[in-house]
Amino acid sequence: MEPLWKLLYLLEPAPVTLLLTAVAVTFGSALRSLNYGKEMERNCDLSQASITLDRSQALMIPIMSSCSLLLMFYLFSPVSQLLTAFTAIASTSSLFFCFYPYVMYLQSQLGLLDPNMSRYCSKPFTLLQGLLLLLCIGIVAAWLVSGHWLLNNLLGISLCITFVSHVRLQNIKICAMLLVCLFVYDIFWVFFSERFFGANVMVSVATQQASNPVHTLANSLSLPGLHLITKKLELPVKIVFPKNLFGGIVPGYAADFMMLGLGDMAIPAMLLSLVLCFDHRKNRDPVNPLDIPSAKGHKYIRYALSGYAIGLLSALAAGVLTQSPQPALLYLVPATLGPIIFVSWIRNELTELWEGTMPDLNDKPRLTEV
């Protein structure tokens, strides 16, 4: 155990940036999920646009995650190029999903023309959509060539937001069951997997670098500029920040980067998405795709988001003091789920929140009679 004064390292740029980014991404994912649900319900297309998991499906997530972790641990090298190619395709789609609302907002504000290109495509497709798609492909291509950590983070954040928007849970009860199972899952694979598999499986998979298929292709074709293309890539399954960010120095078990897995943002964001929907249903306050919800009726989201920040700060502090990897969900699950359950019990809303189903997000606001 390190002396407590080393907690001052948490004031360095890298951990502060990691904390702020994770909180922003978690809240942004929940907000995007709410707005996307409203948009799809207006178009009567929610069932096709997202997947709502029941209890059995939700409980399969820790099992499938464990199987995937073991496959990655033993077979990562043979399939790394295939994983990179799949990640590139998924990242392009996720970037498009995340940027599209902003492009449409700018178009409406600036009055830009957006001619339809349907005659060239089987489905409706506009010029702005085509340009946005080219931009997303360019960003992914830049990541494939450079492997820069900023681009890695951008792709990871877009994947997180897209996952939370498209994969939903029915109620807090199912979400709580999932969180508890993943709580155990995270503790086992970080703290105890080395006893069974000879290495820390979670850390090994998280820190492995994938072979770059672009470098392999360029090498086989003897293309010029081969030295500019990175041989190995960090897959965007985590966000990373250099420990010497802005000249800071943070001690720890990893040599160069502080990191946080996407699951440590996406899974709590699913809980935040549920409470944000509940708050919205209570408030009936219309949500603009680019607006932050008003504070007057969104009460549970404040407790959940504050708990997430405290839980993540606790995980970072434990990592500094123990100089070892920490299962973030060990701290995040009680810090987010606990306050929500306690406050809803105090307010006599626990049953409604616990058993509630996904509301109709486009219900009209209630009018107060005078």
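This chain uses plain numbering: 1 for the first residue, then up along the sequence.
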Verify the cluster assignment for [X] and [Y]: are they in a single hydrophobic cluster under the rule of side-chain heavy atoms below 4.5 Å apart?
X: L83; Y: L70; value: yes
X: I61; Y: I187; value: yes
X: M64; Y: Y185; value: no

Determine, using ring centers only, whether F196 and F188 are less than 6.0 Å apart. yes

Quick check, are the ring centers of W189 and F197 under 6.0 angstrom apart?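 So the answer is yes for these two rings.
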
List, one per line, each side-chain donor-acceptor pair under 3.5 Å for residues 234-241, sequence neighbours excluded.
{"residue": "E234", "atom": "OE1", "partner": "K238", "partner atom": "NZ", "Å": "2.9"}
{"residue": "E234", "atom": "OE2", "partner": "Q209", "partner atom": "NE2", "Å": "3.4"}
{"residue": "K238", "atom": "NZ", "partner": "A206", "partner atom": "O", "Å": "2.7"}

Got a list of side-chain donor-acceptor pairs under 3.5 Å for residues 341-350, not counting sequence neighbours?
{"residue": "S344", "atom": "OG", "partner": "I340", "partner atom": "O", "Å": "2.9"}
{"residue": "S344", "atom": "OG", "partner": "I341", "partner atom": "O", "Å": "2.9"}
{"residue": "E349", "atom": "OE1", "partner": "Y300", "partner atom": "OH", "Å": "2.5"}

Show me the donor-acceptor pairs, under 3.5 Å and distance only, between side chains in residues 140-151 and residues at least two apart or in other chains.
{"residue": "S146", "atom": "OG", "partner": "A142", "partner atom": "O", "Å": "2.8"}
{"residue": "S146", "atom": "OG", "partner": "H148", "partner atom": "N", "Å": "3.3"}
{"residue": "H148", "atom": "ND1", "partner": "L150", "partner atom": "N", "Å": "3.0"}

Start with the C-alpha gap between L217 and S220, add the side-chain angles, then the distance that decides, and say whether side chain to side chain contact (heavy atoms under 4.5 Å, CB included) holds. CA-CA 5 Å; L217 179 62; S220 63; 4.1 Å; yes

Residues which pass salt bridge (charged side-chain N to carboxylate O under 4.0 Å, His left out) with K231, listed by chain and number, not counting sequence neighbours: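 In terms of salt bridge (charged side-chain N to carboxylate O under 4.0 Å, His left out), with neighbours along the sequence ignored, K231 is linked to no residue.
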
Could you work out, with side-chain contact (heavy atoms from CB on, under 4.5 Å) as the rule, every residue matching S306, not counting sequence neighbours? none

Just jot down the side-chain contact (heavy atoms from CB on, under 4.5 Å) partners of P339, sequence neighbours excluded, or say none.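 Here the qualifying residues are Y303.
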
Looking at F97, I'd like to know if the NZ or CZ of R32 sits under 6.0 Å from its six-membered ring centre while staying within 45 degrees of the ring's axis.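 Flagged: R32 positioned over aromatic ring of F97.
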
